[in-house]
Structures are given as C-alpha cells and as structure tokens.
K.L.:
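Please find one structure pasted underneath; my questions will follow.
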Amino acid sequence: MKIVDTLLTPAMQHPGAELAQLRADFPILATKVAGKPLVYLDNAASSQMPQSVIDCLVRYQTTQHANIHRAVHHLSEIATQEYEAARHKLQHFIGAREVREVIFTSGTTESINLVMHGYGRKFINQGDEIILTTLEHHSNIVPWQMLAEEKGAHIRVVPINDAGELLLDEYQKLFNANTRFVALSHVSNALGTINPVKEMIAIAHEHGVPVLIDGAQAAPHMQVDVQTLDCDFYAFSAHKMCGPTGIGVLYGKAHLLESMHPFKGGGDMIASVSFEKTTYNELPYKFEAGTPPIMAAIGFGAAIDYLSEVGLNKIAAFEHELLVYATEAINSIPGVRIVGDNPKKVAVVSFTIDGIHPHDVGTLLNEEGVAVRTGHHCAQPIMQRFNIPATSRASFAFYNTKKEIDALAAGIRSVQKVFAL
Amino acid sequence: MSLKSIYQEVILDHNRKPRHYGSLEHPTHHALGHNPLCGDKIHVDLNIQSDKIEQIAFHGESCAICKASCSMMAATVKGKSRQEAETLVQEFRKMLVSGADAESLEHLGRLKVLAGVRELPTRVKCAILPWHTLHAAMNSVVSVSTEEKTDKETNNSAQLTIN
C-alpha cells in the first residue's frame, strides 16, 4: 500500500481542478438543506452515488432482472453474467489472486461476522487470544467478544497514543503461544488514522497468526492490493465507495476459506442435499446462501468502474489536499480541538468545540446546510481513550471542495456565536 | 420560533446557568438517565416528603437541549405532588412526540419553548431524557437508558426504556 502523501507527483499537483468537474456526476449534491446548498461531509458514514451507478441500477432492474445461477432462461443468464462480472471487477480492484476469493456479503459487518462464525468458531478455542485495537469500529469488536464469550477465549487490545496512532511496540508484546487471530482496521472510522497494516500483518505472520483487515474506511480512499498486504481476510462495503447499501465483500485467501465452516445454510451454497448428507458448494458460493442482492452487487461493479476511471491515486492525492486544508481551517478556530491529529490519515477530521456538545454542533451546522456526523461513531473505546463522550466528524470525498470546507469553518464559528462563546 | 432562537433562548437562559444544578446530600429518590447514542448522562436526585417533591437537583454531562430541559423541569416540578409531576412527564412527552393540546400547553408553561425540538426527530430523546429520569426516580428505578428495553423493576440493576 502506498501512503497518500507520497502520491503527489508533478503531473497531479492540482488534481482538484480536474476532480471538480466530477461533482456534476453526483445529482444529490445539488440538494438544498435549510435553504442553503448541501455541504455533505458525512462520507465516512455513507458516500453519494454518481449518475452512472444510478443508471446501472435502473437499467438492470428495467431490462435484466431475474434470479441468478438457477434457471436456463434468457434473463437469468444475463443477470448471472452481470453478477459474476461484478465479482471479477472486485477481484481486479483489490488484486485478489483468484475470483473465488471474492465473497459477496451484505457489507463489512457481515463479512466480519462470516469470518467469526466460519473461521473463529472452528479454530478458536478456550484460552486462545484474539488481538484487536483501540481504533476498531464496534463491528470489529462485538463479533469477537461474542466468540470469546462462547469459547472462553480472551480479547487483547493494542493501545493508541494521544495522536490516535497504534503503538506497534505494544502490539508486538501482545503475541504469545495462545494468540490465534488478529482483527484490525486499515483506517479508523472515527479519527481517520491509516494504520501500518502491512507491517502489522507481517508481524502476525511471523507468529503464524492470520489477520483480518476491516477495510471499510480504506477501500474508498486508496489503492488496496490484498496480495501486497498479504492479509488473510479483507472486508469492505459498497455504500462507502459510491455504490449501493446492502452489498459488500469479504476477500479471503482460498485455502482459508476452504477450511472454514459455511456461515449461513440454504440454497446456492450446496452441491447436493439429502436428509442423510449435504455437500457444500465450492467457493465462493459456499458462503452465498440464498438469493443475494443481485442489483446491489451489479451496482457495486458500476461503482468500481467509476472509481477506477477517476483513479484511486488521484482520489487519494486530492482528498489529502482537502485534509490539509480542513485541518488548517479547523485548527485556526479558537476553542476547537482536533481529536487524533496525525500525519497519516485519510480525509477525516474529528473535532470537539469547548463548551458545546457535539449533538448541538451537528444540529446547528445542519441549519447552515452542513452535514457532519456527531456521536461516538460506533467506536466507544476511542471516546473512552480520549475521555470524551462524542465528537463531531467531518469526512470528505473527492467530490468535496475547499469552498465547502470554508462553509464548515464558517458554520463552526456561527455555532460558537449562538452559544455566545 | 427559529431553531437558532430556541437555542439562543434555551442556551442563554439555562445552559450557562442551570437551575437546581448539583446533587442532594440525602435524596429519598435518585435515578441515572443515559442516552448511549450520544453519551448523555443525567443524575436526578429527589427529596420527596408526604408525596411532595420538596427538593430536586440534577447533574451530569449532556447536550444543551438535554441540560436546558432538565433545568426547566427541575424549576417546574419543585413543590409539585408526585401525581402532578407524573402528569407533566406525560404532557411533556406528548408535546414532543405527537404535539400537545391547549390544556397541556397551559400546564407546561415556560416548557413550551422546547416544543420546537419536535421538528428535530434525532434530538427529541435529548429533551425527553430528564423527564424519564425523573419518572424513574419517582418510581425508585435506579437507572434508565434511552436504548434498552426491559421491564420496570425496583432493584438496583433495573433499567427502564424511554422509547
């Protein structure tokens, strides 16, 4: 994986001008809120969809829909082709060795739960240890706690420093003969920190321990290559990368996926069924029981086409420019503090304003048309670490502009004015 | 009234100088209200004698809407009977959930200023949390959460939903 700040080659020093034209691809960005132009800065929660993806969804449902993998008729064949074509696009996008290593799920949460049930319940036993980090989203904590409770296993947690960075020395120390699994985020959803996952995976592998990467916040913002990372599992969601909700991917190394229990039982995941014995289907179908969200998967493929056309490296470079601009703008306002201000981040700025609760900040910014997320961002351990109940989080996408960051900064000053601070 | 004016009125009047802020030394009733979605926590202490709320105090960490609602609630229910306070709890909740009738608005008096919060569905729980905490305290339920659904009980680990 390349780090974003190394990507500013001379040819793309001003990717903003080029990317600004792309704004017109996103019809929702023309919306007005409270009579003001929408400033959508909640992309880490869910990104917006370009017209090409919307058109793809409409085209599929209008002319191509049928159930997949079963019937011999025309529409079923087309739908199956489109669905499998999307899987190939995803394989190429993350650099998976084989297409059968790409499992469609309902999203990152289900991908992680699949690994917990399929791998964890089979291979993790009493007294075993699972390493997580302080930066995890609840979706990469709770499944492992459920497993630990069921099996009598233990959770160990990698701590962070005041800048929101993982402490690698402490990580190394957590390994022992009982360590069986590592699950960590590529990028923190609450702070934006990019974790040194390649290095952390290598360390785990030295101990013979497999690693799951929660890539929900990374895949939309940087080129991910699962073979270069050498991760054992990689989970991400379409709706954070210009695609529809209800679809995501679990990448897993083929030999691990083959060794695992199926997650859900049902149609499509079987080779043959009798009341005496059921034989499971091959990868990836072993993990895709029931009719999948076909339209969403095909839409995910269209989103991948869109992002690939724009170019992940260009996206990373421009978003980094937005991050630098936003960090300066917010840091220059007295009484505002950025939580987790470190150099290796995606374009996420989590902040608190002295004397004002984040929910009040969010409500009043909405009056200015500015959409930010407020709360604990499903990452309560981070809030506990910084001893705060919540933050306001502005998270950017390549279709955001510096003018919108100015609107955010003006909005923050106006919130302070309402509170007469 | 615009949202900003509600904020300005509520903030200036109650957020910076909350009424009855603090805790009672020997409360007869106490409850902790919690909204896990935003981390708001409100402690309500009561001194109830002969069915009358003689003293009330609150403290905790919360957003301005919650704090102002709690401050105004404390000022309103002090000196009221338990039954009168329960009626106010119902009327306040109704005002924010489905809208209050004229008679209720009359009872609610200055609390009417919070009616505008109804326009902010995600913030209704912030305004209601103190009232449910009061209700819980009066019924000797020790802690309430906006998100957990369990039956009302009277032991120390009991939780009560306000949904």
K.L.:
Looking at every non-hydrogen atom in both residues, tell me the closest pair between A:H359 and B:C126 and how far apart they are.
P.N.:
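Closest approach of A:H359 to B:C126: ND1-SG, 4.2 Å.
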K.L.:
Pick one of side chain, backbone, both or neither for A:T374, based on which atoms fall under 4.5 Å of a heavy atom in chain B.
P.N.:
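Nothing of A:T374, per the 4.5 Å heavy-atom cut-off to chain B.
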K.L.:
Mark yes when over 12 heavy atoms from residues, nucleotides or ligands other than B:E86 sit less than 6.0 Å from its CD; otherwise mark no.
P.N.:
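Enclosed: over 12 neighbouring heavy atoms sit under 6.0 Å from CD of B:E86.
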K.L.:
Working to the nearest 0.5 angstrom, can you tell me the gap between A:T363 OG1 and B:E119 CD?
P.N.:
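Answer for the OG1-CD pair, A:T363 versus B:E119, is 13.0 Å.
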K.L.:
So if I take each residue of residues 138-154 of chain A and look for any heavy atom under 4.5 Å from a heavy atom in chain B, which residues do I end up with?
P.N.:
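The stretch does not come within 4.5 Å of chain B.
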K.L.:
Quick check: are there more than 12 heavy atoms from other residues, nucleotides or ligands sitting under 6.0 Å from NZ of A:K36?
P.N.:
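For A:K36, atom NZ is crowded (more than 12 foreign heavy atoms under 6.0 Å).
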K.L.:
Is there a side-chain contact between A:H357 and B:D40 in this structure, where contact means two heavy atoms from C-beta onward sitting under 4.5 Å apart?
P.N.:
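Yes, side chains in contact.
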K.L.:
Side chain from CB out, backbone as N, CA, C, O: work out which of these in B:S62 comes under 4.5 Å of a heavy atom of chain A, or both, or neither.
P.N.:
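Backbone of B:S62 only, per the 4.5 Å heavy-atom cut-off to chain A.
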K.L.:
Of A:I356, A:D360, A:V361, which meets side-chain contact (heavy atoms from CB on, under 4.5 Å) against B:C63?
P.N.:
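Exactly one candidate clears the test, A:D360.
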K.L.:
Tell me, for B:L120 versus chain A, whether the close heavy atoms (under 4.5 Å) come from the side chain, the backbone, both or neither.
P.N.:
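The side chain, not the backbone.
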